[in-house]
Amino acid sequence: MFAIIDIETTGNSYKYGQITEIAIYQHNGTETTGSFSTLVKPEMDIPLFITRLTGISNEMVKNAPRFYEIARKIVEMTAGRIFVAHNVHFDYKFVKEEFKRLGYDFNRKTLCTVQLSRKLIPGYSSYSLGKICAEKGIEINDRHRAAGDALATTKLFELLLKENEKRNNLDVSKHLKLF
């Protein structure tokens, strides 16, 4: 069981930044079984360069729930599941830090689709989400938005599962990492 996640944030530092949007696609290894997506009101202003990148502005998040208001939903949707993301360290550290601020120790096994892509489909010059999806014919709607990127990651993940099955020589569980 997997929870494929993408977030948008106020910047690159999980220690000083905050989540502005999150999307979760629950996956059973065959298909998507549930989803959740929402903007999140951070406790800080969203820098202009982030607004230009993501399209998410302070105005857009002014009535969005704060992280503590969606924390339970995130726990429920990821419980007993592997936390999957493209460059999982980024997303996982932000989510973990948001929970730490609430006094909750959030721990999940993780799986990185960047690392898995490098193992299963080697030879590409870039494994960025945009480039690897373009190479594999996966359309990304709403690039740099959580739901669009999480859905593209889900499609990439499904492609990687099929590639793993085809090769039948790589144990996906060996690529799990618990922080």
Side-chain angles (χ1 to χ4, degrees), residues 1-9 12 14 19-38 40 53-54 70-99 104-179:
M1 300 299 275
F2 305 93
I4 302 165
I5 298 171
D6 190 78
I7 61 170
E8 302 305 327
T9 68
N12 287 328
Y14 69 94
I19 294 172
T20 59
E21 187 175 40
I22 188 166
I24 303 170
Y25 286 89
Q26 292 177 315
H27 201 281
N28 64 10
T30 304
E31 63 186 358
T32 299
T33 57
S35 66
F36 172 72
S37 180
T38 185
V40 180
L53 176 67
T54 65
I70 61 165
R72 181 183 185 128
K73 180 79 171 173
I74 295 168
V75 168
E76 291 170 354
M77 290 199 74
T78 62
R81 295 175 182 272
I82 297 166
F83 187 112
V84 179
H86 203 73
N87 190 12
V88 74
H89 303 295
F90 180 85
D91 300 79
Y92 185 69
K93 285 181 180 180
F94 263 94
V95 172
K96 193 167 175 61
E97 185 67 23
E98 290 277 10
F99 276 107
Y104 182 80
D105 190 23
F106 182 84
N107 286 300
R108 301 289 185 266
K109 290 181 179 179
T110 62
L111 182 68
C112 182
T113 55
V114 173
Q115 292 174 1
L116 199 56
S117 294
R118 286 185 176 135
K119 296 257 190 236
L120 291 170
I121 50 174
Y124 292 96
S125 60
S126 172
Y127 287 88
S128 71
L129 186 62
K131 290 191 177 168
I132 199 68
C133 284
E135 289 283 347
K136 299 312 255 176
I138 298 169
E139 187 178 345
I140 305 177
N141 294 318
D142 291 329
R143 183 74 173 110
H144 296 297
R145 291 297 302 268
D149 287 354
L151 183 57
T153 302
T154 300
K155 290 176 184 175
L156 176 62
F157 181 65
E158 289 172 345
L159 182 145
L160 294 171
L161 288 174
K162 286 177 187 166
E163 184 64 30
N164 183 59
E165 227 175 73
K166 193 166 63 176
R167 287 175 166 217
N168 202 22
N169 67 353
L170 182 65
D171 182 0
V172 174
S173 66
K174 288 182 182 175
H175 298 282
L176 303 178
K177 191 170 184 180
L178 188 59
F179 288 88

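Count residues from 1 along the sequence.
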When you measure from the side chain of [X] to the backbone of [Y], do you find a donor-acceptor pair of N or O atoms at a distance under 3.5 Å?
X: T153; Y: A85; answer: no
X: D6; Y: A23; answer: no
X: E98; Y: I19; answer: yes

Answer yes or no: is there a side-chain heavy-atom contact under 4.5 Å between [X] and [Y]?
X: V75; Y: F99; answer: yes
X: N107; Y: Y92; answer: yes
X: I132; Y: T113; answer: no

[atom1]-[atom2] distance between [X] and [Y], expressed to the nearest 0.5 angstrom:
X: M1; Y: N28; atom1: CE; atom2: CG; value: 5.5 Å
X: T110; Y: D91; atom1: OG1; atom2: CG; value: 11.0 Å
X: C112; Y: R118; atom1: SG; atom2: CZ; value: 8.0 Å
X: E31; Y: Q26; atom1: CD; atom2: CD; value: 12.0 Å
X: S117; Y: K119; atom1: OG; atom2: NZ; value: 12.0 Å
X: L156; Y: I140; atom1: CG; atom2: CD1; value: 9.0 Å

- Item | Test applied, side-chain contact (heavy atoms from CB on, under 4.5 Å); reference residue, R108; option that passes from I5, T78, V88 |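 Single side-chain contact (heavy atoms from CB on, under 4.5 Å) partner of R108 among I5, T78, V88: T78.
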- Scan residues 142-152 for pairs that pass side-chain hydrogen bond (donor to acceptor under 3.5 Å, both in side chains), counting only residues two or more places apart or in two chains.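 Residue pairs with at least one partner in residues 142-152: E21-R145, R143-D149.
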Quick one: closest heavy-atom pair of [X] and [Y], and the distance?
X: H27; Y: F157; answer: ND1-CE2, 4.2 Å
X: I121; Y: Y127; answer: O-OH, 2.8 Å
X: H86; Y: L129; answer: NE2-N, 3.3 Å

- Message: Can you list everything that forms a side chain to side chain contact (heavy atoms under 4.5 Å, CB included) with F36? Sequence neighbours excluded, please.
- Response: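 Scan of F36 (side chain to side chain contact (heavy atoms under 4.5 Å, CB included), adjacent residues dropped) gives I22, I24, T38, I70, K73, M77.
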- Tell me, with the steps shown, if L116 and L111 meet side-chain contact (heavy atoms from CB on, under 4.5 Å). CA-CA 8 Å; L116 199 56; L111 182 68; 4.2 Å; yes
- Message: Between E76 and R72, does the salt bridge (charged side-chain N to carboxylate O under 4.0 Å, His left out) criterion hold? Intermediate values first, please.
- Response: CA-CA 6 Å; E76 291 170 354; R72 181 183 185 128; 2.9 Å; yes
- Yes or no on side-chain contact (heavy atoms from CB on, under 4.5 Å) for Y124 and K136, after CA distance, side-chain angles and deciding distance? CA-CA 11 Å; Y124 292 96; K136 299 312 255 176; 3.3 Å; yes
- Query: Does the side-chain contact (heavy atoms from CB on, under 4.5 Å) test come out yes or no for K96 and D105, once each step is laid out?
  - Reply: CA-CA 7 Å; K96 193 167 175 61; D105 190 23; 3.4 Å; yes
- Task: Look at the aromatic rings of F106 and Y104 and report parallel, tilted or perpendicular, splitting at 30° and 60°.
- Result: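 If you compare the ring of F106 with that of Y104, the planes turn out tilted.
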- Query: Do K93 and E97 sit within salt-bridge range, that is, some charged N less than 4.0 Å from a carboxylate O?
  - Reply: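 Salt bridge: no.
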- Are a donor atom and an acceptor atom from the side chains of Y25 and K155 found within less than 3.5 Å of each other?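 Result is no, nothing qualifies.
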